[in-house]
Amino acid sequence: MGEVMEVTGVLQSVSDLPVQDPPGEEFSAADLRWVKYASSEHHCDDVALIPYDRMEAFISGECNNPEYPTRFHIERGRKRERGTLKEVRSDDYLLYRMYWCSFGPENYGEGGTILPSRRYRLNTRNRAARPQSMRGCTCHFAIKQLYARPSLALIIYHERRHVNKSGFVCHGPLDRDAIGPGARKVPYVGSEIQQQTMSLIYLGVPEENILQTHIEGIQRYCGSDAKVDNLASQYVHKLGMIIKRSTHELDLDDQASIRMWVDRNKKSVFFHQDSTETDAFVLGIQTEWQLQQMIRFGHQNILASHSSFGVSKLKYPLHTILVFDSRQQALPVAWVITRSVTKHDTSRWMQALTSRIHSVDSNWRIGGFIIDDPTSELDPIRNIFSCPILFSLWHIRRTWLKNIIKKCSNTEVQREIFTQLGKFMYSIWSEKNPMDILEQLFQDFVDQTTFIQYFKSFWVPKLGKNLRDVD
């Protein structure tokens, strides 16, 4: 974990700390020199000072510790505005966040302080008791963006060891009880990898694609090995069979069945509204892992909505909220099941989702929202997220093409209209006025009344409002 500086006494002021900036894309506590700092009369912690823009590099390095691979989630956060403090101490913060190892702080094991040894299998009756998560790990640290020096971040490590309250290693390859007697022979599967694999199975992704993603995840901890790959293949297949064989019909009455499921999965449900004469059915689902990914990758970044319409298997459409990770790969961070696209219902579940995020990180904001459904109400997104709204170009062009073919019978006319609409779309980022191109389109194809009326009534109000936002 790195050396603590030898000092004659305990440091009393953060101003005396040297700024450390280890090289590389990421670094960990082992790359820093730590000093003892007395934040109060009764508290003394290890601290280090780094550039604020290297904060994510430090967190990534701590997550990729080979002996204790994990993820750190934001347990709580606070923020101050500039000018709110009359007297400023050297350790006062602008932004404060407490990061806790995702294997704690709670212990969901049956044995209390030490989880019982168990074989490598899923506990289908109680997901919370799976041996890879919530094992009472006490490792946690805080990061402060300093009020007096905003370009610097103070790391305060309250507990650097990945141990439980009894002082025992409670997760990772060094924990023999983590996944049973065969722990050293079985690849390490953290809760993040498991949740991601389960999400892909539920979404219906082909098993070979899920297996590839799963193997990439465990190789970060175990390396590449034929035996590991074989065991991973067995794990993915077994997990898929468990999910396929499981039944979610808990009662003959659908509404009663849903209520029972919601009651059993309260931690993963952020919004539920029963179907009544006045209200539509809405169910919002977000696991703890998805919550952390939304906080981590969604802040000051793009959020996207993917709507699964026209899928014969689904009685209700499925809306998937996505963020994009550091490799720009899409991660599902919430699901909403509902037929309703009204402003009232959309506002309610969006507000519930953002309230859940802000309860953990009040500073969380997004940079933009991409939608793929042109029928979506835009006002709830503007009011709740206060960000630009972007249309998915591919989905818009596909919708246009379907309506051109449906409403225009002449093939040549279809081709010309589609070409003109393409020019309109790309003129948005040029110096030309896109609405002028639309006016020319309406004049050139005035005889195509069915399509022109459809486009004017449905698209012009939406596009006009969003173009004004862009300006």
Side-chain angles (χ1 to χ4, degrees), residues 1-24 26-65 67-68 70-105 136-165 167 169-170 296 360-363:
M1 277 290 185
E3 301 178 18
V4 176
M5 283 186 180
E6 295 182 4
V7 291
T8 55
V10 178
L11 194 69
Q12 299 296 324
S13 174
V14 172
S15 302
D16 299 329
L17 275 175
V19 180
Q20 303 179 65
D21 190 4
E26 61 182 42
F27 62 96
S28 67
D31 301 310
L32 298 172
R33 292 178 63 85
W34 299 86
V35 295
K36 292 291 184 182
Y37 171 65
S39 56
S40 68
E41 183 180 352
H42 304 290
H43 289 87
C44 187
D45 298 298
D46 292 345
V47 297
L49 200 60
I50 65 170
Y52 181 72
D53 58 11
R54 297 298 312 280
M55 181 179 66
E56 286 294 332
F58 171 76
I59 295 171
S60 296
E62 284 297 273
C63 291
N64 294 327
N65 186 325
E67 293 183 348
Y68 311 102
T70 184
R71 287 292 179 269
F72 283 89
H73 68 269
I74 301 172
E75 186 72 11
R76 60 179 178 270
R78 297 190 292 270
K79 182 185 178 183
R80 285 195 181 107
E81 298 296 334
R82 297 285 294 178
T84 55
L85 293 180
K86 294 181 180 179
E87 296 182 3
V88 180
R89 297 181 304 177
S90 62
D91 64 345
D92 281 331
Y93 64 85
L94 268 177
L95 179 66
Y96 170 91
R97 285 177 176 173
M98 172 74 76
Y99 291 86
W100 205 291
C101 173
S102 289
F103 289 89
C137 184
T138 58
C139 180
H140 64 292
F141 59 87
I143 294 182
K144 291 182 177 181
Q145 182 184 17
L146 294 179
Y147 189 96
R149 296 186 286 174
S151 62
L152 300 180
L154 178 68
I155 305 172
I156 307 171
Y157 234 126
H158 300 291
E159 175 55 71
R160 290 194 281 163
R161 300 173 302 158
H162 289 265
V163 297
N164 56 26
K165 291 181 179 179
V169 174
C170 54
R296 181 181 178 188
V360 179
D361 183 1
S362 60
N363 192 43

Which residues share a side chain to side chain contact (heavy atoms under 4.5 Å, CB included) with Asp53, sequence neighbours left out: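 Only Pro51 meet the side chain to side chain contact (heavy atoms under 4.5 Å, CB included) criterion with Asp53.
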Is any side-chain heavy atom of [X] closer than 4.5 Å to a side-chain heavy atom of [Y]?
| X | Y | result |
| --- | --- | --- |
| Phe27 | Arg54 | yes |
| Ile59 | Cys63 | yes |
| Tyr93 | Arg80 | yes |
| Asp46 | Val35 | no |
| Arg296 | Arg71 | yes |
| Leu32 | Ile155 | yes |

Arg82 charged N/C atom sitting above Tyr147 aromatic ring, 6.0 Å / 45°: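 Relative to the ring axis of Tyr147, which defines the angle, Arg82 lies inside both limits.
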Geometric cation-pi criterion Arg160 and Phe141, 6.0 Å radius, 45° cone: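 No - Arg160 does not lie over the ring of Phe141 by the 6.0 Å and 45° rule.
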Heavy-atom pair of closest approach, residues Ala148 and Val88: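 Scanning both residues completely, I find the closest heavy atoms to be CB-CG1, 4.1 Å.
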For Thr70 against Glu62, the heavy-atom pair lying closest together: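 Shortest heavy-atom separation between Thr70 and Glu62 comes out as CG2-O, 4.4 Å.
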Check: Trp100 ring centroid to Phe72 ring centroid under 6.0 Å: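 Judged by ring-centre distance (under 6.0 Å), Trp100 and Phe72 do not meet the cut-off.
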For the pair [X] (side chain) and [Y] (backbone), establish whether a donor and an acceptor sit closer than 3.5 Å, ignoring hydrogens and angles.
| X | Y | value |
| --- | --- | --- |
| Ser90 | Val14 | yes |
| Asn64 | Gly61 | no |
| Thr138 | Val163 | yes |
| Trp34 | Ala29 | yes |
| Gln20 | Arg33 | yes |

Could you grab the distance from atom [atom1] of [X] to atom [atom2] of [Y], nearest 0.5 Å is fine?
| X | Y | atom1 | atom2 | answer |
| --- | --- | --- | --- | --- |
| Lys79 | Glu81 | NZ | CD | 5.0 Å |
| Cys101 | Glu75 | SG | CD | 11.0 Å |
| Arg161 | Glu159 | CZ | CD | 4.5 Å |
| Tyr96 | Asn363 | OH | CG | 15.0 Å |
| Cys139 | His162 | SG | NE2 | 3.5 Å |
| Met55 | Lys144 | CE | NZ | 14.5 Å |

Among Leu154, Leu152, Leu95, Leu94, the one residue meeting side chain to side chain contact (heavy atoms under 4.5 Å, CB included) with Tyr52: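 Considering Leu154, Leu152, Leu95, Leu94, a side chain to side chain contact (heavy atoms under 4.5 Å, CB included) with Tyr52 is found only for Leu95.
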Chi angles and distances behind the ring pair (Phe, Tyr, Trp, His ring centres under 6.0 Å) call for Phe103, Tyr68: CA-CA 10 Å; Phe103 289 89; Tyr68 311 102; over 10 Å; no
Salt bridge (Lys or Arg N to Asp or Glu O under 4.0 Å) partners of residues 92-105, not counting sequence neighbours, each pair once: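 Sorted result for residues 92-105: Arg89-Asp92, Arg97-Asp361.
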Tyr37 and Asp91: side chain donor to acceptor below 3.5 Å: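 Distance-only check passes for Tyr37 and Asp91.
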Verdict with reasoning, Asp45 to Lys36, per salt bridge (Lys or Arg N to Asp or Glu O under 4.0 Å): CA-CA 6 Å; Asp45 298 298; Lys36 292 291 184 182; over 6 Å; no
Steps toward side chain to side chain contact (heavy atoms under 4.5 Å, CB included) verdict (Phe58, Ile50): CA-CA 9 Å; Phe58 171 76; Ile50 65 170; 4.3 Å; yes
